Trainee: 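Here it is, the structure, as structure tokens.
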Amino acid sequence: MTKLTALCVYCGSSGKVRNSHLEAARTLGRLAAEGGVDIVFGGGRVGLMGAVAEGAQHAGGRVVAIIPEHLEVLEVGLRSANEYLVVDSMHARKQLMAERADAFCALPGGLGTLDETFEIITWRQLKLHDKPILLVNIDGFWDPLLHLIDHQIAEGYLRGPTDGLFQVVDRVEDVLQAAASAPSPAIPDKIEQM
Ligand code: AMP
């Protein structure tokens, strides 16, 4: 069992998306708050990022916003976060998000979400950490990506089937349970040594 005190959420910064995705993000924030789990996120008030934080704060939960200085305006930094941490680069943001969380999940998002999600998956592949990672496949959003990964396995680029690097759940309601019931990380947290 993984001791879950903080969940890192990677997700889209766009607000011009399906209402069901925004609603799912809010629900995840609320469920984390109700479970006493902090939300660690990219710190913006826009898109699904803002919706997760809003759901958590509305339900009395703690949110940890980690935002690079140059994005504070563009992504409308959530200064009301319980911790509002301004960093000096995208790399510093990803590093700190990784250090502050016990588990990671990816909601629907764009290129930034892909970058963040694949970095944390590849760090696990490289045995830099062993924290649970969940792809939240809301409305089958990640299906094309899962097909690509199957293709990579078929072509011999992955030893497959993804060797337990990440888990897929269909609903935000399954995230906390799946993260908490994952085996305790076998590797001590070494991310800060990157
Ligand atoms: P997106 O999924 O493109 O809407 O972006 C989601 C979040 O990822 C936003 O907060 C972006 O600032 C962030 N992001 C975009 N590119 C990168 C990157 N190369 N490294 C880390 N975060 C990124």
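First listed ligand is number 1; within each ligand, the first listed atom is number 1. The shown structure was predicted, so the numbers you read here are calculated from the model rather than taken from an experiment.
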Trainee: Can a salt bridge be assigned to the pair Glu54 and Arg45 using a cut-off of 4.0 Å between side-chain N and carboxylate O?
Mentor: no

Trainee: Would Gly112 count as a polar contact of ligand 1, with the cut-off being nitrogen or oxygen pairs under 3.5 Å?
Mentor: yes

Trainee: When you compare the side chain of Gln57 with that of Ser80, does any pair of heavy atoms fall below 4.5 Å?
Mentor: yes

Trainee: Do Asp38 and Thr5 have side-chain N/O donor and acceptor atoms under 3.5 Å apart?
Mentor: no

Trainee: Nearest heavy atom to atom 18 (C) of ligand 1 wins, so pick from Val46, Asp115, Leu71.
Mentor: Asp115

Trainee: Using heavy-atom distances only, which candidate in Met90, Met97, His91 approaches atom 22 (N) of ligand 1 most closely?
Mentor: Met90

Trainee: I need the atoms of ligand 1 closer than 4.0 Å to a non-hydrogen atom of Thr113, numbered in the order shown.
Mentor: 1 (P), 2 (O), 5 (O), 6 (C)

Trainee: Going hydrophobic residue to hydrophobic residue with side-chain gaps under 4.5 angstrom, can you get from Phe104 over to Leu107?
Mentor: no

Trainee: Just go through Cys11, Gly42, Gly109 and tell me whose heavy atom is the nearest to atom 6 (C) of ligand 1.
Mentor: Cys11

Trainee: If we ignore angles and hydrogens, is there a donor and acceptor under 3.5 Å between the side chains of Tyr10 and Glu119?
Mentor: no

Trainee: So that I can tick it off, tell me whether Arg18 and Glu23 are bridged by a salt bridge, with the cut-off set at under 4.0 angstrom between side-chain N and carboxylate O.
Mentor: no

Trainee: Do any heavy atoms of Met49 fall under 4.0 Å from ligand 1?
Mentor: yes

Trainee: Polar-atom distance check: Gly110 versus ligand 1, any N or O pair below 3.5 Å?
Mentor: yes

Trainee: Which ligand 1 atoms, with their elements, are less than 4.0 angstrom from a heavy-atom of Leu111?
Mentor: 2 (O), 3 (O)

Trainee: Just go through Glu116, Glu75, Lys94 and tell me whose heavy atom is the nearest to atom 10 (O) of ligand 1.
Mentor: Glu75

Trainee: Can you pull out the closest protein heavy atom to atom 13 (C) of ligand 1? Residue, atom name and distance to 0.1 Å, please.
Mentor: Arg93 NH1, 3.3 Å

Trainee: Are Arg124 and Asp130 close enough for a salt bridge, meaning some N to O gap below 4.0 Å?
Mentor: yes

Trainee: CG/Leu148 to CG/Leu158 distance, rounded to the nearest 0.5 angstrom?
Mentor: 9.0 Å

Trainee: Tell me whether ligand 1 is touched by Gly12 - counting only heavy atoms on the residue side and a distance under 4.0 Å.
Mentor: yes

